[in-house]
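Below, chain A is the first sequence line, B the second, and so on; all start at residue 1.
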Amino acid sequence: MWISETNNQPITKFQASVYKLISRIPSGKISTYQQVARGLKNPRAARAVGNALNRNPFAPEVPCHRIIKSNGAVGGFADGTKKKIAMLRKERVEIKKGKINLDKYLYVFPK
DNA sequence: GTGTTGACCACAG
DNA sequence: GCTGTGGCCAACA
């Protein structure tokens with residue numbers, strides 16, 4: 001089991017599943033908070049997913065920058081939204097006016 | 001155990 | 001197009 005760096009306690013299973021699921025996203029693709037929530041079979045938990053990523057104990061290990069809002073906007077990022085955008089562009093993800101073409105880049109988790 | 005907070009979402013105006 | 005409102009869920013004080 002992993003240990004959270006902030007409170008020095010074991011992370012919850014919810015967080016573990018979030019990180020595990022996100023780590024499956026291939027480079028050059030992105031997903032939304034809602035898609036992640038759907039992958040966890042909690043379609044309503046998009047907000048909780050964001051909360052988990054915000055505290056993200058595994059900063060570079062988990063590609064949390066590949067998670068954006070369901071409307072295509074980039075959303076927030078603990079290290080700064082601009083950083084997030086820069087990282088995505090390095091992965092050949094096209095971003096127009098702070099938004100991403102979901103039809104082209106959205107990654108859907110397999111059942 | 002209760003209330004607040006937040007990298008969210010959908011809908012109304 | 002943008003703003004406001006209500007709802008949802010899990011973490012935290």
Listed by chain and number, what are the side-chain hydrogen bond (donor to acceptor under 3.5 Å, both in side chains) partners of A:Asn42, not counting sequence neighbours?
none
Nearest-Å distance for atom pair CG/C1', residues A:Asn56 and B:dG6
15 Å
Residues within residues 26-37 of chain A bordering DNA chain B, heavy-atom distance below 4.0 Å:
A:Tyr33, A:Gln34
May I have the list of side-chain donor-acceptor pairs in residues 20-32 of chain A shorter than 3.5 Å, sequence neighbours left out?
unit_1: A:Ser23; atom_1: OG; unit_2: A:Tyr19; atom_2: O; d: 3.3
unit_1: A:Ser23; atom_1: OG; unit_2: A:Lys20; atom_2: O; d: 2.6
unit_1: A:Ser31; atom_1: OG; unit_2: A:Tyr107; atom_2: O; d: 3.3
unit_1: A:Thr32; atom_1: OG1; unit_2: A:Gln34; atom_2: N; d: 3.4
unit_1: A:Thr32; atom_1: OG1; unit_2: A:Gln35; atom_2: N; d: 2.9

Sequence neighbours excluded, the answer for side-chain contact (heavy atoms from CB on, under 4.5 Å) partners of A:Ala78 is A:Asn54
Any side-chain donor-acceptor pair under 3.5 Å between A:Asn51 and A:Arg55?
yes
Got a sec, which pairs hit salt bridge (charged side-chain N to carboxylate O under 4.0 Å, His left out) with one end in residues 77-88 of chain A, sequence neighbours left out?
none
note: A:Asn54, atom CG; C:dC12, atom C1'; distance rounded to Å ~ 12 Å
Which nucleotide in the set C:dA10, B:dA7, B:dC9 lies at the smallest distance from any side-chain heavy atom of A:Cys64?
B:dA7
Strictly under 4.0 angstrom, non-hydrogen atoms only: write out the protein contact profile of nucleotides 2-8 of chain C, one letter per nucleotide from the 5' end, B, S or -.
-----BB
Using salt bridge (charged side-chain N to carboxylate O under 4.0 Å, His left out) as the criterion, list what pairs up with A:Lys41, not counting sequence neighbours.
none
Restricting both atoms to N or O, compile the protein contacts to nucleotides 3-5 of chain B shorter than 3.5 Å, with distance only.
none

Do A:Ile85 and A:Phe77 make a side-chain contact, defined as non-hydrogen atoms from C-beta onward lying under 4.5 Å apart?
no
Would you mind reading off the distance between A:Gln15 atom CD and C:dA11 atom C1', rounded to a whole angstrom?
7 Å
Of all residues at least two apart in sequence or in a different chain, which pass the salt bridge (charged side-chain N to carboxylate O under 4.0 Å, His left out) check with A:Lys104?
A:Glu94
Provide, to the nearest angstrom, the distance between the CD1 atom belonging to A:Ile11 and the P atom belonging to C:dA10.
15 Å
Only pairs at least two apart or in different chains count here, so list each side chain to side chain donor-acceptor pair (under 3.5 Å) that has a residue in residues 65-78 of chain A.
A:His65-A:Glu91, A:Arg66-A:Glu91
For residues 66-84 of chain A, which residues have at least one heavy atom under 4.0 Å from DNA chain B?
A:Lys69, A:Ser70, A:Gly76, A:Phe77, A:Lys84
Of A:Val74, A:Val62, A:Val36, the residue whose pairing with A:Ile67 passes side-chain contact (heavy atoms from CB on, under 4.5 Å)
A:Val36
Can you name the nearest heavy-atom pair linking A:Gly76 to A:Thr81, along with the distance?
CA-OG1, 3.9 Å
Heavy-atom pair with the smallest gap, counting every atom of A:Tyr33 and A:Leu53:
CE2-CD1, 4.0 Å
Where A:Ala45 and A:Ala37 come nearest, the two heavy atoms and their spacing:
C-CB, 3.9 Å
